Amino acid sequence: MSDTGYGDFEFERRFVARDVPAELLDPAPALIVQSYYLADEGFALRVRAQVSAVAGVDVHDDEATLLERYAAQVDFCAVTVKGPMNGGTRYEAEREIDPLVGVEMVRRGGALVAKVRHSVWLGEDGWVVDVFAGANAPLVVAEVERGGPVTDLAIPDFCVTEVTTDPRFANDGLAHAPYAGWATTWEDELARTGPRFLQGFGHDHRMTGI
């Protein structure tokens, strides 16, 4: 639960990323494998298993293979309930659970998503860069989260277009309709319409040189 006065709500903005500078990436990022027991119209129930620091993850491996390969190293698990995204705000209640139980729940659960997560501080904000694995490779999504609405954001150059409100790019969306199945269609869409960045978030600007 947030201690900012907003309770169980998350405030985030998400961007498709490309050509992220290597110096911004962690030498030992986190590996996350999560199972969606429910994902329907923005409502989601998931269990996450996480290895906090790991090197050499092959994102071409499928999600189940990655879970089994690193199961003994899982050091954090949580069950999370989410509501639909509404302009960068989403209900999220997360509760930590025992890693041994969590891994078994992910094994026995629903659709899987796996990603390698890098954490980086840019300007005044902490960002995560998620490199997706398995059926969602080679998708890379950069995300910034705050304790309140994400306004006046410095957006790095490697963020090519915003997908905060696009349900296809939510993790629960990717669980049931992986990126590999519609990547070509989306690339054509991006080429046709060009990049888009949400309005109404204050004086956003691009962070050049990153």
Side-chain angles (χ1 to χ4, degrees), residues 10-36 39 42 44 46-67 69-70 73-78 80 82 85 88 90 92 94 106 111-122 125-146 150 153 155-183 186-187 190 195 197 207 210:
E10 63 175 0
F11 300 86
E12 66 181 23
R13 291 175 67 183
R14 310 176 79 236
F15 306 83
V16 170
R18 291 190 179 139
D19 301 320
V20 181
E23 61 268 22
L24 298 182
L25 301 179
D26 296 325
L31 171 66
I32 295 169
V33 184
Q34 46 201 31
S35 174
Y36 284 85
R46 78 168 188 220
V47 179
R48 168 179 287 179
Q50 177 174 312
V51 181
S52 295
V54 64
V57 175
D58 187 348
V59 296
H60 297 98
D61 286 338
D62 65 59
E63 295 83 355
T65 297
L66 290 172
L67 176 65
R69 180 170 298 153
Y70 295 99
Q73 300 177 49
V74 169
D75 53 10
F76 174 81
C77 285
T80 304
K82 290 195 173 196
M85 176 69 72
R90 193 176 188 186
E92 178 183 282
E94 178 176 280
V106 174
L112 296 177
V113 168
K115 56 191 179 181
V116 176
R117 169 162 286 184
H118 301 265
S119 299
V120 59
W121 194 264
L122 296 174
D125 284 298
W127 289 72
V128 296
V129 176
D130 287 335
V131 180
F132 284 84
N136 285 300
L139 178 64
V140 179
V141 173
E143 173 184 313
V144 61
E145 185 173 338
R146 294 180 184 168
V150 184
L153 180 64
I155 303 172
D157 281 349
F158 58 74
C159 294
V160 298
T161 190
E162 186 160 1
V163 292
T164 300
T165 58
D166 190 332
R168 294 174 293 181
F169 289 92
N171 281 237
D172 43 314
L174 295 170
H176 289 283
Y179 180 69
W182 47 272
W186 181 78
E187 290 287 352
L190 180 64
F197 296 91
M207 187 185 299
I210 294 179

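Bear in mind that the values here come from a model prediction, so they are computed numbers and not experimental data. Along the sequence shown, residues carry numbers from 1.
- By the 4.5 Å heavy-atom criterion applied to side chains, Ser119 and Asp26 are counted as neighbours.
- Partners of Ala64 under the side-chain contact (heavy atoms from CB on, under 4.5 Å) rule, at least two apart in sequence or in another chain, are Asp62, Leu112.
- Checked against ring pair (Phe, Tyr, Trp, His ring centres under 6.0 Å), Phe15 has the following partners two or more places apart in sequence or in another chain: Trp127.
- Summarising the geometry of Ala49 relative to Cys77, their closest heavy-atom pair is CA-SG, 3.7 Å, with the distance given to 0.1 Å.
- Here the side chains of Arg48 and Val74 are not in contact, with every heavy-atom distance at 4.5 Å or above.
- Looking at heavy atoms from C-beta onward, Leu24 lies in side-chain contact with Leu122 at the 4.5 angstrom threshold.
- Of the inter-residue distances, the one linking Trp186 atom CH2 with Asp166 atom CG reads 8.5 Å to the nearest 0.5 angstrom.
- Taking CD1 of Ile155 as the start and CZ of Arg13 as the end, the distance is 5.0 Å to the nearest 0.5 Å.
- When the side-chain contact (heavy atoms from CB on, under 4.5 Å) test is applied to Glu23, the partners found at least two apart in sequence or on another chain are Pro21.
- A side chain to side chain contact (heavy atoms under 4.5 Å, CB included) with Arg117 holds for exactly one of Val129, Val131, Ile32; it is Ile32.
- Closest heavy-atom contact between Val33 and Ala114: CG2-CB, 4.1 Å.
- Applying the salt bridge (Lys or Arg N to Asp or Glu O under 4.0 Å) test to pairs two or more places apart or on separate chains, those with a residue in residues 133-143 are Arg14-Glu143.
- Contacts of Tyr179 classified as ring pair (Phe, Tyr, Trp, His ring centres under 6.0 Å), with partners at least two apart in sequence or in another chain: Trp182.
- Under the rule for a side-chain contact (heavy atoms from CB on, under 4.5 Å), the partners of Ala17 that lie at least two apart in sequence or sit in another chain are Val20, Val140, Ala142, Phe158.
- In this structure, Tyr36 and Val47 have side chains that are not in contact, with every pair of non-hydrogen atoms separated by 4.5 Å or more.
- Sorted by first then second residue, the salt bridge (Lys or Arg N to Asp or Glu O under 4.0 Å) pairs that include residues 49-61, not counting sequence neighbours, are Asp61-Arg69.
- Looking at heavy atoms from C-beta onward, Leu174 lies in side-chain contact with Phe132 at the 4.5 angstrom threshold.
- Residues passing the side-chain hydrogen bond (donor to acceptor under 3.5 Å, both in side chains) test with Thr80, sequence neighbours excluded: Glu94.
- Between Glu187 and Arg18 there is a salt bridge, with a side-chain nitrogen of the basic residue lying less than 4.0 Å from a carboxylate oxygen of the acidic one.
- The two residues His176 and Ala111 have their closest heavy-atom pair at CE1-CB, 3.7 Å.
- For Arg46, there are no side-chain hydrogen bond (donor to acceptor under 3.5 Å, both in side chains) partners, not counting sequence neighbours.
- Residues Val116 and Val59 form a side-chain contact, since some pair of their non-hydrogen atoms from C-beta on lies under 4.5 Å apart.
- Not counting sequence neighbours, the partners of Asp172 by the side-chain hydrogen bond (donor to acceptor under 3.5 Å, both in side chains) test are Arg90.
- Listed by chain and residue number, Gln34, Lys115 satisfy the side-chain hydrogen bond (donor to acceptor under 3.5 Å, both in side chains) test with Asn171 (two or more places apart in sequence, or in another chain).
- Under the side-chain contact (heavy atoms from CB on, under 4.5 Å) criterion, Pro167 pairs with no residue at all, not counting sequence neighbours.
- For the pair Pro195 and Val160, the minimum side-chain heavy-atom distance is 4.5 Å or more.
- Pairing each heavy atom of Val106 with each of Leu67, the nearest pair is CG1-CD2, 3.7 Å.
- Counting heavy atoms from C-beta outward, Glu10 and Arg146 have side chains that stay 4.5 Å or more apart.
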